[in-house]
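Notes to accompany the following structure.
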2 protein chains.
Amino acid sequence: MPITVLLVDDEPLVRAGLRAVLEAQADIEVVGEAADGAAVIPLVRRLRPDVVAMDVRMPLMDGIEATRALLRTVPDPPKILVITTFENDEYVYEALRAGADGFLLKRARPAEIVHAVRLVAEGESLLFPASVRQLAAQYGDGDGGNRAARAVLERARLTEREAEVLRLMARGLSNAEIAARLVVGTETVKSHVSAVLAKLGARDRTQAVIVAYESGFVAPG
Amino acid sequence: MPITVLLVDDEPLVRAGLRAVLEAQADIEVVGEAADGAAVIPLVRRLRPDVVAMDVRMPLMDGIEATRALLRTVPDPPKILVITTFENDEYVYEALRAGADGFLLKRARPAEIVHAVRLVAEGESLLFPASVRQLAAQYGDGDGGNRAARAVLERARLTEREAEVLRLMARGLSNAEIAARLVVGTETVKSHVSAVLAKLGARDRTQAVIVAYESGFVAPG
DNA sequence: CTCCGTCTCCCCCGCCCGGGGGAGGCCCGT
DNA sequence: ACGGGCCTCCCCCGGGCGGGGGAGACGGAG
């Protein structure tokens with residue numbers, strides 16, 4: 001059975017583009033469209049799509065509110081893929097915090113869009129890597145990925161402390177060990193870790209470390 | 001205060017070598033030596049070293065037994081660094097399973113030995129990366145790290161299934177997600193994960209994923 | 001045939017992890 | 001003086017994780 005997708009975006013052009021890209025795939029079927037978040041819930045109830053691909057910024061109800069509403073009111077809710085125009089959109093992090101499963105840049109290549117839909121449909125909520133990887137590539141390897149790493153930092157808006165904590169996570173330290181190393185309480189470390197997870201859109205520290213490697217924030221070898 | 005170390009090895013030459021290397025460090029002090037595992041427990045009780053650097057293969061009581069005995073009978077036991085001659089020593093995995101905190105090749109460079117001692121003293125039990133990294137380097141990048149990855153597999157003796165599970169761990173999947181993907185029970189996945197952790201000398205899945213990246217078993221980008 | 005490794009699943013258990021709140025102190029910029 | 005961001009620490013809570021056992025089925029090696 002194909003992956004069923006509901007498109008939610010206020011721009012018809014974007015919906016059409018997504019539909020064209022997705023329908024070209026044999027295993028993906030677009031089962032409906034909506035122009036605003038306010039219309040999402042009844043549609044989801046009726047169509048029961050596997051994935052909702054939804055713009056963050058919409059006139060009546062934005063993607064964040066719609067995400068919250070979906071997860072709150074619909075039993076066995078679909079996977080939510082948030083669509084955004086801007087590289088650096090706070091709304092996206094809000095949406096991820098609200099429970100969205102992934103995000104997608106509108107300017108992404110078709111293959112990436114398809115890939116993202118398949119990923120979230122499979123239940124994987126890790127999506128930073130793809131976009132962040134391309135970010136690293138675009139910066140080239142001028143100074144061994146540090147530029148890219150800094151760019152990732154900027155994008156995720158990690159504070160210095162959070163970045164420090166992420167570095168230690170990426171060395172395999174537990175919260176207690178990080179606390180000992182930084183000479184703070186474990187509760188403090190937990191706060192930082194939670195912040196890092198939220199900002200990276202990671203579900204647990206393992207995913208955060210994966211993002212760290214994939215983005216070049218930490219380098220193997 | 002310096003890191004205090006107890007050396008346990010049946011070869012005097014090795015003990016002397018370790019002593020020379022370690023004593024050259026201002027922050028490390030060798031407080032005692034023993035020629036066999038059987039002598040370890042009373043010595044540890046008396047000297048209370050931070051780290052015990054111990055050969056796996058010894059005439060009377062081997063490093064595995066000594067490790068078990070230490071952890072069982074000594075309250076607040078020292079960190080245990082297992083020393084081995086062979087790259088591919090089953091005994092090492094046994095020792096790690098028994099609770100040793102790290103392992104060390106006899107042919108390692110002095111800097112690595114010192115580093116390993118400091119690491120375990122700090123309470124970090126992650127040690128594969130360094131040796132595995134050098135393994136990857138030695139294989140060069142003939143086919144993009146796959147040779148090295150295969151070598152790592154061989155060294156850790158991961159079964160096919162375990163390797164598959166590790167790959168999915170390195171993509172950020174939870175046990176439940178891995179179970180769904182492989183169409184097996186979560187208990188089965190837990191078994192495989194535990195096996196992977198033991199064989200890699202990793203404490204948790206995060207460390208396992210780090211090893212996967214550091215070894216080239218999975219490649220970023 | 002018997003042994004052994006692999007894959008599968010089961011039990012119990014403790015604990016770390018992560019989510020959800022909140023709160024106080026600090027510095028900085030307005 | 002006030003707000004806001006950051007760092008720090010606190011509470012409660014559930015669930016996933018990992019350890020330690022065991023066990024059955026299968027297949028290949030001896």
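Naming: A, B, ... by sequence-line order, numbering from 1 per chain.
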B:L197 CG to D:dG18 C1', straight-line distance once rounded to whole Å
7 Å

Between P of D:dG15 and CZ of A:R205, the distance in whole Å:
21 Å

Between D:dT8 atom P and A:N175 atom CG, what is the distance in whole Å?
14 Å

Kindly point out which of C:dG18, D:dG18, D:dC7 is positioned nearest to the side chain of A:E160?
D:dC7

All N/O pairs under 3.5 Å across the protein-nucleotides 3-5 of chain D interface:
none

Pick one: which of B:L166, B:V184, B:T188 meets side-chain contact (heavy atoms from CB on, under 4.5 Å) with B:R161?
B:V184

Hey, what are the protein-to-nucleotides 24-30 of chain D N/O distances that come in under 3.5 Å?
none

Give every pair of a protein N or O atom and an N or O atom of nucleotides 8-12 of chain C that lie under 3.5 Å apart, one pair per line with the distance.
from	atom 1	to	atom 2	distance (Å)
C:dT8	OP1	B:R161	NE	3.4
C:dT8	OP1	B:R161	NH2	2.8
C:dT8	OP2	B:R161	NE	3.0
C:dT8	OP2	B:H192	NE2	2.9
C:dC9	OP2	B:G185	N	2.5
C:dC9	OP2	B:T188	OG1	2.5
C:dC9	O5'	B:T188	OG1	3.2
C:dC9	N4	B:S191	OG	2.8

Rounded to whole angstroms, how far apart are CD on A:E162 and P on D:dT8?
11 Å

Under the criterion side-chain contact (heavy atoms from CB on, under 4.5 Å), which of B:I28, B:L18, B:L47 is the partner of B:V5?
B:I28

Between P of D:dC17 and CZ of B:R203, the distance in whole Å:
16 Å

Mind checking the CG-CD1 spacing from B:D55 to B:I83? Nearest 0.5 Å is all I need.
6.0 Å

